[in-house]
Amino acid sequence: MKYLTASVLILAIVPAVLIAGTNPSTVNIDNLEQYAHGYITVRFADGVDLDGIQSALAVTGAVEVHRIEQLNAIQLTIPDEADIRDALSYYESRPDVLYAQPVAIRRVLWTPNDPLFPRQWHFDASHINMPAAWNKEKGSSTVIVAIVDTGIAYEEYPIPEYEADEVISDDDYYHMAPDFTASQFVAGYDVIHDDGHPNDQYGHGTHVAGTVAQATNNGIGTAGMAPDCKLMPVQVMNYTGSGYDFWIAEGITWAADHGADVINLSLGGPPGQSSEIEHDAIIYAHNKGVVIVASAGNRRVGILSYPAAFEECIAVAATDYRDLRAVYSQYGTGLDISAPGGDVYEDRNSDGYPDGVLQCTYLEFADPYHGKLAKVDEFAYHFWQGTSMAAPHVSGMAALLISHGITGVDNVKNAIYTTARDLGTSGYDKVYGWGMIDPAAALDYVPVAVHEESAPASISYSSPGFFSNSTRINYTLPADGQVTLTVWDAGGRRVRTLVDSHQASGEHSIQWDGTDDNGRPLSRGAYFCRINTSGSTLTQKMVLVR
């Protein structure tokens, strides 16, 4: 049976419509996701005989495809060798034409039919607006998110004898949560029992996995952020909801070696308590190109828990229904981003339910404080809160971005950070990081191409990474020659030219004050400094904090 319940678990280890006269120079006609290649629409003035316009068509080599008699409009296809901008300009110039425009692509506005989706307030347009994101991307079956946690309720499997005292089941079987399907999973690993059956023994990992990639639009329960991606269950915490840093490190390395693109770590220790073995494992996964997401912690203090505090991780704080820092969420140096974590003690939208994050897990999950074991054969939908609930929002978003072609750890991070909706103090701050995730905006992110050729020029920064107001850029030229040094924003637009001259070999230095070519201060975010010499280009990233 399935139930809808309200419960609490605070665990990070605690448990476009174009208008007439569109100027083709102002739109990206080459964007095949927005405009139909080689097609234009022409609306003629009332009274113009559409059967008598063949001479107009012959000028551009266009061929009529469709017409709307009532509007005196026709759709034309333009030859491949023709420039669509020239054709648009020609028809716009004719006195008998009201307007000419490229043919825009529209898509169904997709909202899932999961009956409890309306209770997932954190997905609505006022928060992270998942319907807008889903209209752009629902994920790819080639993208894998590892849930390194207490396991996932992902299969029907007899409970091994060596686990018989760790869970409860009326039929002595583990069961798959009703809102998952077998096709959503790849093979996983149980570090604790050293077997290939990482079934959830606590209830936490199943709830976390649901936010990332719950079966969606299946008429059952709730929705997940990246429903067409795959989940990899990796159990590193036992039936009490706790585990050793060595287990976590082993789970991270196993996931990295077995194809994980994203690793979700909704776990952690006391604020500020680091672990070298965890860090080594995270560096190992990071170097293999894995995006690693971790929850900031739930101790209400201004210092992060580890592993979130490690530089390689995306550290996630939790927000409530009002987009304010959740009262339990940790914050401080190293925080990167915020996402909904919920507050089960509030009902700000007055829908009669607590403002927690809703997902499916066991009806009776483990309660180590009272010696209660998880009952693994019966499920319910629970509202939970915690940075554990916030982190999978970011992992699901990362999976969508990778599915959408935004690859590389730095590009995924930049897409998340530079498109975030600002919260709190303007720009980056230690309470919200870069702000609230905005999946739909991030899916439109265009990475700046970074070329690291065998360039004779070398470039370094006196203040790598974050800087505020100004930074000094140092570079070395092994030979005399023409040099340009430019700054580009994350959207690929050049915003500042710092050097454009012939320079002698040797060391050079220039100060950049964070303004554009017109002297206007640039907004916070990621920027790219590019040095060009004869036959070589080198680009490096820097982040401006305001």
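The figures that follow rest on heavy atoms only: side chains count, while hydrogens, waters and symmetry mates do not. Positions are given from 1, in the same order as the sequence printed here.
Using a 4.5 Å heavy-atom cutoff, the side chains of Cys229 and Ser141 are not in contact.
Applying the salt bridge (charged side-chain N to carboxylate O under 4.0 Å, His left out) test to Asp194 and every residue at least two apart in sequence or in another chain returns nothing. Considering only residues two or more places apart in sequence or on other chains, Leu373 meets the side chain to side chain contact (heavy atoms under 4.5 Å, CB included) condition with Ile168, Tyr239. Applying the salt bridge (charged side-chain N to carboxylate O under 4.0 Å, His left out) criterion to Asp172, with sequence neighbours excluded, gives no partner residue. The side chain to side chain contact (heavy atoms under 4.5 Å, CB included) check on Ala374 picks up Tyr362, Ala366, Val376, with sequence neighbours excluded. The salt bridge (charged side-chain N to carboxylate O under 4.0 Å, His left out) check on Asp320 picks up Arg322, with sequence neighbours excluded.
Ring orientation note: the planes of Phe123 and His393 are nearly perpendicular, at an angle over 60° on the 30°/60° scale. Classification of the His175-Tyr173 ring pair by plane angle, with boundaries at 30° and 60°, yields tilted.
Between Val143 and Asp261, the shortest heavy-atom contact is CA-OD2, 3.3 Å.
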| field | Intermediate values then yes/no, side-chain hydrogen bond (donor to acceptor under 3.5 Å, both in side chains), Asp190 and Asn199 | value | CA-CA 8 Å; Asp190 180 346; Asn199 289 284; over 6 Å; no
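Residue pairs meeting the side-chain hydrogen bond (donor to acceptor under 3.5 Å, both in side chains) criterion with at least one partner in residues 224-233, sequence neighbours excluded, do not occur; the list is empty.
In this structure, Tyr428 has its ring center under 6.0 Å from that of Trp434. Checked against a 6.0 Å centroid threshold, the rings of Tyr189 and Trp247 do not count as neighbours. In this structure, His382 has its ring center under 6.0 Å from that of Phe365. Taking the six-membered ring for Trp, Tyr321 and Trp121 have ring centres closer than 6.0 Å.
Side-chain polar atoms of Tyr154 and Gln184 form no donor-acceptor pair below 3.5 angstrom.
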